[in-house]
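Everything below concerns the one structure shown next.
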Amino acid sequence: QVQLVESGGGLVQPGASLRLSCAVSGGDFTKYAMGWFRQAPGKEREFVATIGRGGYEIFYGDTVKGRFTISRDNAKNTVALQLNRLKPEDAADYYCYADPVMTASALRRGPYSGSWGQGTQVTVSS
């Protein structure tokens with residue numbers, strides 16, 4: 001299992017932007033499909049975005065499509081999530097996920113038996 005460390009969360013006003021980053025270590029990054037998920041208090045975990053091993057297969061959740069962008073840098077072993085036009089309902093703990101078996105498409109639904117990061121908190125409030 002690889003280790004994942006997220007960073008970049010914080011408190012922002014509605015309409016602002018944030019960039020989350022996930023650093024991956026302990027394995028061959030190119031063998032992992034990656035995803036971002038989020039969970040708000042009292043709510044179930046929600047799929048946000050996934051990206052395939054080569055960076056070409058990308059999927060977004062309906063609530064973030066057009067506002068968020070996922071990307072990966074296979075040379076730096078990182079995956080990023082650019083969050084634009086943030087809304088109060090985007091507030092949540094955001095988690096990075098790595099899977100050595102599933103495709104980016106399959107990651108939208110799980111099951112999730114790969115590696116999770118510890119999460120980074122995003123707060124959107126005026």
Side-chain angles (χ1 to χ4, degrees):
Q1 299 275 27
V2 290
Q3 292 77 50
L4 293 75
V5 178
E6 301 99 331
S7 61
L11 169 64
V12 296
Q13 294 185 338
S17 298
L18 272 178
R19 185 174 179 84
L20 307 183
S21 184
C22 174
V24 180
S25 62
D28 185 347
F29 182 64
T30 64
K31 295 188 183 300
Y32 290 82
M34 301 297 299
W36 285 95
F37 298 80
R38 68 186 183 187
Q39 188 166 20
K43 295 187 176 181
E44 293 187 353
R45 182 176 59 200
E46 178 186 6
F47 152 67
V48 175
T50 63
I51 187 167
R53 292 162 177 79
Y56 303 108
E57 188 183 28
I58 291 175
F59 298 91
Y60 294 100
D62 290 339
T63 58
V64 307
K65 200 172 296 183
R67 299 186 298 121
F68 292 9
T69 302
I70 189 172
S71 61
R72 67 187 292 161
D73 186 333
N74 284 352
K76 296 182 178 180
N77 292 3
T78 59
V79 59
L81 185 69
Q82 178 68 37
L83 293 66
N84 294 331
R85 305 200 306 276
L86 281 160
K87 305 176 181 180
E89 52 264 42
D90 293 319
D93 291 326
Y94 283 71
Y95 297 91
C96 182
Y97 175 79
D99 199 293
V101 177
M102 298 179 74
T103 64
S105 177
L107 283 185
R108 292 179 292 175
R109 297 176 182 82
Y112 303 104
S113 58
S115 302
W116 293 93
Q118 83 288 351
T120 186
Q121 188 174 56
V122 172
T123 304
V124 185
S125 175
S126 55

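Not measured: the values here are computed from a predicted model.
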Rounding to 0.5 Å, atoms CG (Leu81) and CD (Glu6) come to a distance of 11.0 Å
Residue pairs meeting ring pair (Phe, Tyr, Trp, His ring centres under 6.0 Å), one or both in residues 98-126, sequence neighbours left out, come to Phe37-Tyr112, Phe37-Trp116, Tyr97-Tyr112, Tyr97-Trp116, Tyr112-Trp116
With sequence neighbours left out, the residues meeting salt bridge (Lys or Arg N to Asp or Glu O under 4.0 Å) with Glu46 are Arg38
Interatomic distance, OG@Ser71 vs CD1@Ile58, rounded to 0.5 Å, equals 7.5 Å
Residue set satisfying side chain to side chain donor-acceptor pair (under 3.5 Å) with Ser115, at least two apart, ordered chain then number -> Gln1
Note: with side-chain heavy atoms under 4.5 Å as the link, the other cluster members for Leu11 come out as none
The reported gap from CZ in Phe68 to CG in Leu86 (rounded to nearest 0.5 angstrom) is 5.0 Å
Residues pairing under salt bridge (Lys or Arg N to Asp or Glu O under 4.0 Å) where one sits in residues 80-89, two or more places apart or in two chains, turn out to be none
Sequence neighbours excluded, the answer for side chain to side chain donor-acceptor pair (under 3.5 Å) partners of Thr30 is Asp28
Worksheet item: Are any side-chain N or O atoms of Tyr60 and backbone N or O atoms of Ile70, one a donor and one an acceptor, separated by less than 3.5 Å?
Response: yes
- Item | In one Ile/Leu/Val/Met/Phe/Trp/Tyr side-chain cluster, 4.5 Å: Tyr95, Val79 | no
(message) I want to check something: taking the side chain as every heavy atom from C-beta on, are Phe59 and Phe47 in contact at a cut-off of under 4.5 Å?
(response) yes
Notebook entry, point to check: Can you check whether Thr120 reaches Asp93 side chain to side chain, under 4.5 Å on heavy atoms?
Noted result: no
_For a side chain to side chain contact (heavy atoms under 4.5 Å, CB included) check, start with the C-alpha distance between Val5 and Gln118, then their side-chain angles and the critical distance, and finish with the verdict._
CA-CA 7 Å; Val5 178; Gln118 83 288 351; 4.3 Å; yes
By side chain to side chain donor-acceptor pair (under 3.5 Å), Ser105 pairs with (sequence neighbours left out) Arg108
Table please: side-chain donor-acceptor pairs of residues 12-24 below 3.5 Å, with sequence neighbours left out.
| unit_1 | atom_1 | unit_2 | atom_2 | d |
| --- | --- | --- | --- | --- |
| Ser17 | OG | Asn84 | OD1 | 2.9 |
| Arg19 | NH1 | Gln82 | OE1 | 3.3 |

Practice item. Mind running side chain to side chain contact (heavy atoms under 4.5 Å, CB included) on Met34 and Leu4 for me, showing each step along the way? Key: CA-CA 11 Å; Met34 301 297 299; Leu4 293 75; 4.0 Å; yes
By salt bridge (Lys or Arg N to Asp or Glu O under 4.0 Å), Lys65 pairs with (sequence neighbours left out) Asp62
In short, ring pair (Phe, Tyr, Trp, His ring centres under 6.0 Å) pairs touching residues 4-29 with sequence neighbours left out are none
Quiz item: Do Leu107 and Tyr94 share a hydrophobic cluster (ILVMFWY, side-chain heavy atoms under 4.5 Å, transitive)?
Solution: no
Side-chain donor-acceptor pairs under 3.5 Å in residues 49-57, sequence neighbours left out?
| unit_1 | atom_1 | unit_2 | atom_2 | d |
| --- | --- | --- | --- | --- |
| Thr50 | OG1 | Ala104 | O | 2.8 |
| Arg53 | NE | Lys31 | O | 2.8 |
| Arg53 | NH1 | Met102 | O | 3.0 |
| Arg53 | NH2 | Asp99 | O | 3.2 |
| Arg53 | NH2 | Pro100 | O | 3.1 |
| Arg53 | NH2 | Met102 | O | 3.1 |

So the ring pair (Phe, Tyr, Trp, His ring centres under 6.0 Å) pairs with at least one residue in residues 4-26 (sequence neighbours excluded) are none
